[in-house]
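One structure below.
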Amino acid sequence: MALFDKILIANRGEIACRVIRTARHMGIRTVAVHSDADANAMHVAMADEAVRIGESEVTKSYLLADRVLDAALRTGAQAIHPGYGFLSENAAFADAIAAAGLTFIGPSADSIRRMGLKDAAKAIMEEAGVPVVPGYHGEDQDPEMLAAEAERIGYPVLIKAVAGGGGKGMRQVHKAADFPKALEGAMREGKNAFGDERVLIEKYLVKPRHIEVQVFGDTHGNAVHLFERDCSIQRRHQKVIEEAPAPDMPPEMRKAMGDAAVAAARAIDYHGAGTIEFIADVSEGLRPDRFFFMEMNTRLQVEHPVTELITGQDLVEWQIRVAAGEPLPLAQEDLSINGHALEARLYAENPNRMFLPATGKLTRLRFPDGDTGPGGNGLRVDTGVREGDSVTPFYDPMIAKLIVHGKDRAEAIRRMAGLLERTRVAGLVTNVFFLKQLVTHAAFDAADLDTGFIERFSGDLLPPPAETDDTVLALATLSVIAERQATASSAHANDPFSPWDSVSGWRLNDDGREVMTFAAGDAQTEVSVRYCRGGGMVLDLPGGTSVMADAQLDASGELMARLDGHRVNALVARDGHGLTVLRETGQWKLELIDPMDADMDDTQAGGAITAPLPGKLIRVMAADGQKVKKGEALLILEAMKMEHTIAAPHAGIVSAMSFAEGDQVEEGTVLLAIEAEG
């Protein structure tokens, strides 16, 4: 069967861009689909054609299988690549594609169905001889019976939505008293996210590592594995750092896991890319008799690039060729591991606020140039956004995947630390400095890994935000002056020597002076600038020091400053009066106070509780006049595919309750107030 001439990508963001790159390399034309929010997105610009399929919400666009299929038929696409998420594991979608005479670049609908429900998948794996975690996977969903099963299995246990994925519909429970509330939350989240509230219960391993194996099958009866990935570094049961191969993996365990993964794929006559996810009990180290099947993802994984870098294979090209009827490009004996690869997920989120997702405009987005080819620097960045794009509340807040390859794990870690240091993002809060803390932590370097790593070392990984010191204030001041000078030079290029157009505080018989006032949080501080007639300036800083300084902006907007002869580089992003100072050691947000602006009182009434981000209120537990205790749950907000419980910050009486279940709210909206009892 010949390769396709044109394919449609039923997805968005970085995976859509990733598929387009491989298709272009293979000489295949591409069609993008998009919602209203993505009309000017990067994947739309990259594709040869693009079709609007609906409004911004995923339920009104990317999850509408009939519109995606119609777009493929109208544009003459012969096949559809689903990416991951959205419709990628939707068996009915795969059936509809086949019925329309097109090709689904993925497994058969039957394979998707058989692996789609965790309880049924575990039964299939048990029959195939693949080890599974002790637990309950039955049909009886009576809460009392489930509680009894949890007691039988023995705490701690993990409640998981039967149709779940991505950490949604999952609750960890350590004692019987907490089980009813956790069960209710898991069922509700499973129903909202997947339309199925059924759950299963598993034994929770105290020191587990999440190790998964990449498998591939074709329609000619061949199946191979492309080795393992360690995905143990997680927050909220979602992966943050992935690496391949798994550190300290004994050869006998690698063989046992690889053989089990291939057996799992063969058990359902699997073709295409898939991942067998295992949980390994490492309380006594990695052992070939201590790993258990968790689930199978019948699609390409977010973390597939680390497998590509250690094997030298393009997994998207493999997907396309297998879907076109070709046999697997390589046999098992032809595959080998070369070096070590790491992937870090760069998210718009606040690690210091329970990893709360963030939205906003990417006023700056700069990555170092990468090259993972022979003799290159081992860096790769997969992204679906550009500088000036926005992270919206409608989709996952991932900005990019930062990927490195080295001859060994130590070199890969060094390269990742450097890549994170030189990544510049401004306009919204991100986890970039948290990732740097992670990959440079001594326990990570020693491969002391488990899924509780972040909680275990939270004190090291989540230090308090860095203070706004004199160096940061000096850089902010110099950036304002350098930007002003650059603007003036451009505007007055015909007379660059005129003192009347100078922005350096020029005076006829004296040094020029000015004072800049900055706000950082609730505090305001001043920097006095004295312009020297011989050039340069002196900054009188609030810490009591004075420094000789000068600065200029390079072509990319990076600030190159000298403070008492010491060169300091930074990127300072400006958005109106707001400034974000970005250095390899941290990020600081400041506001330049304009004395000509009228004073604005932005403070809210005491006791007001606001929405931390845009979303939908899916449950309201509070009412006007209700007495509440500190920490009592008041509302549940669903935003960016996650539930966020809003609790009372202190005891008091609820007032000004102005929203109901089902209402959409914007970030910063006052939801209610908690008044202290009189």
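One is the number of the first residue; the rest follow in order along the sequence. Computation of the quantities below employed the complete heavy-atom set of this structure, encompassing side-chain atoms and omitting hydrogens, waters and symmetry-equivalent molecules.
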> Does a side-chain N-to-carboxylate-O contact under 4.0 Å join R235 and E349?
Replying inline: yes
> Taking it one step at a time, do H237 and L158 satisfy side chain to side chain contact (heavy atoms under 4.5 Å, CB included)?
Replying inline: CA-CA 11 Å; H237 302 291; L158 196 63; 4.1 Å; yes
> In terms of the angle between their ring planes, are Y62 and Y395 parallel, tilted or perpendicular, with boundaries placed at 30° and 60°?
Replying inline: perpendicular
> Okay, side chain of E308, backbone of L315: is any donor-acceptor separation there less than 3.5 Å?
Replying inline: yes
>> On a heavy-atom basis, which atom in A65 and which in F93 lie closest, and how many Å separate them?
In response: CB-CD1, 3.5 Å
>> I want to check something: taking the side chain as every heavy atom from C-beta on, are N431 and Y347 in contact at a cut-off of under 4.5 Å?
In response: yes
>> With heavy-atom distances below 4.5 Å as the criterion, would you say the side chains of F4 and L102 are in contact?
In response: no
>> Does this structure show an ion pair linking D382 with R345, if we count only N-O contacts that are shorter than 4.0 Å?
In response: no
> Taking the side chain from D218 and the backbone from V322, do they hold a donor-acceptor pair closer than 3.5 Å?
Replying inline: no
> Does the pair I80 and L69 meet the rule for a side chain to side chain contact (heavy atoms under 4.5 Å, CB included), with working shown?
Replying inline: CA-CA 8 Å; I80 296 178; L69 185 54; 4.2 Å; yes
> Do other residues, nucleotides or ligands put more than 12 heavy atoms under 6.0 Å from the CE atom of M145?
Replying inline: yes
> Is the closest side-chain heavy-atom distance between W318 and D314 below 4.5 Å?
Replying inline: no
> Okay, side chain of Q141, backbone of V199: is any donor-acceptor separation there less than 3.5 Å?
Replying inline: yes
> Looking only at heavy atoms, what is the nearest atom pair of T645 and A633, with distance?
Replying inline: CG2-CB, 3.7 Å
>> With rounding to the nearest 0.5 angstrom, report the CZ to CG distance, F104 to L87.
In response: 8.5 Å
>> I need the minimum non-hydrogen distance between A358 and P397, along with the two atoms involved.
In response: O-CB, 4.5 Å
> In terms of heavy-atom contacts, does CZ of R152 have more than 12 from other residues, nucleotides or ligands at under 6.0 Å?
Replying inline: yes
>> Looking at every heavy atom in both V391 and A348, which two are closest together, and how far apart are they?
In response: CG1-CB, 4.1 Å
> Between F291 and M257, is any pair of side-chain heavy atoms under 4.5 Å apart?
Replying inline: yes
>> Please determine whether side chain to side chain contact (heavy atoms under 4.5 Å, CB included) holds for the pair I159 and V173, giving the CA-CA distance in whole Å, both sets of side-chain angles, and the decisive distance to 0.1 Å.
In response: CA-CA 8 Å; I159 304 173; V173 190; 3.8 Å; yes
>> Is there a salt bridge (charged side-chain N to carboxylate O under 4.0 Å, His left out) between R113 and D95? Walk through the geometry before answering.
In response: CA-CA 11 Å; R113 285 192 181 92; D95 275 336; 2.5 Å; yes
>> For I201, is there any backbone N or O sitting under 3.5 Å from a side-chain donor or acceptor partner on K160?
In response: no
> What is the ring orientation for F453 with F457, classed by angle as parallel under 30°, tilted 30 to 60°, or perpendicular over 60°?
Replying inline: tilted
> Is any side-chain heavy atom of L438 less than 4.5 Å from a side-chain heavy atom of V240?
Replying inline: yes
> Rounded to the nearest 0.5 Å, how far apart are NE2 of H441 and CD1 of I413?
Replying inline: 12.5 Å
> More than 12 heavy atoms of other residues, nucleotides or ligands under 6.0 Å from NZ of K191: is that the case?
Replying inline: no
> Rounded to the nearest 0.5 Å, how far does CZ of F278 lie from CE of M294?
Replying inline: 9.5 Å
>> Checking S232 against D230: is there a side-chain donor and acceptor pair closer than 3.5 Å?
In response: yes
> Would a distance-only check, ignoring hydrogens and angles, find a side-chain to backbone donor-acceptor pair under 3.5 Å from K401 to T383?
Replying inline: no
> Taking the side chain as C-beta and beyond, is there a heavy-atom pair between L146 and Y136 under 4.5 Å?
Replying inline: yes
Distance-only donor-acceptor hits, side chain of residues 258-272, under 3.5 Å, sequence neighbours excluded:
residue, atom, partner, partner atom, Å
D259, OD2, K255, NZ, 2.7
R266, NH1, G221, O, 3.0
Y270, OH, A273, O, 2.6

> Would R619 and E638 satisfy salt bridge (charged side-chain N to carboxylate O under 4.0 Å, His left out), going step by step from the backbone distance to the final call?
Replying inline: CA-CA 9 Å; R619 192 168 178 201; E638 186 179 60; over 6 Å; no
>> Treating E411 as the side-chain partner and K407 as the backbone partner, does any N or O pair qualify as donor plus acceptor under 3.5 Å?
In response: yes
> Going by heavy atoms in the side chains, are Q319 and H81 under 4.5 Å from each other?
Replying inline: yes
> Given K122, which of E202, E277, E127 fulfils the salt bridge (Lys or Arg N to Asp or Glu O under 4.0 Å) condition?
Replying inline: E202
> Between atom CD1 of I337 and atom OG1 of T307, what is the distance when rounded to the nearest 0.5 Å?
Replying inline: 9.5 Å
> Would you call D448 and R456 a salt bridge, using N to O less than 4.0 angstrom?
Replying inline: yes
>> Test your reading of the model: is there a side-chain donor-acceptor pair from Q437 to the backbone of L461, 3.5 Å cut-off?
In response: no
> Under the criterion side-chain hydrogen bond (donor to acceptor under 3.5 Å, both in side chains), which of E228, R299, R229, H304 is the partner of T275?
Replying inline: R229
>> Counting only heavy atoms not in E333 (residues, nucleotides, ligands), do more than 12 fall under 6.0 Å from its CD?
In response: yes
> Taking H210 for the side chain and K239 for the main chain, is one N or O donor matched with an acceptor at less than 3.5 Å?
Replying inline: no
> Do side-chain atoms of S88 reach the backbone of G85 as a donor and acceptor pair under 3.5 angstrom?
Replying inline: yes
>> Centroid separation under 6.0 Å, is that true for the rings of Y155 and Y204?
In response: no
> Do you know which two heavy atoms are closest between L342 and I241, and how far apart they sit?
Replying inline: CD2-CG2, 4.3 Å
> Charged N to carboxylate O below 4.0 Å: is that the case for E243 and R409?
Replying inline: yes
> Heavy-atom distance under 4.5 Å between the side chains of F394 and V58, does that happen here?
Replying inline: no
> Between M115 and I124, does a side chain to side chain contact (heavy atoms under 4.5 Å, CB included) hold up when you go through it step by step?
Replying inline: CA-CA 9 Å; M115 291 291 103; I124 294 171; 3.8 Å; yes
> Does any N or O in the side chain of N11 come within less than 3.5 Å of the main-chain N or O of P82, such that one atom is a donor and the other an acceptor?
Replying inline: yes
> Minimum heavy-atom separation for P288 to E252, with atom names?
Replying inline: CG-CG, 4.0 Å
> If we ignore angles and hydrogens, is there a donor and acceptor under 3.5 Å between the side chains of E89 and T298?
Replying inline: yes
> Roughly how far, to the nearest 0.5 Å, is CD1 of I279 from CZ of F293?
Replying inline: 12.5 Å
>> Just verifying a value: how many Å separate R209 CZ and L205 CG, rounded to the nearest 0.5 Å?
In response: 13.5 Å
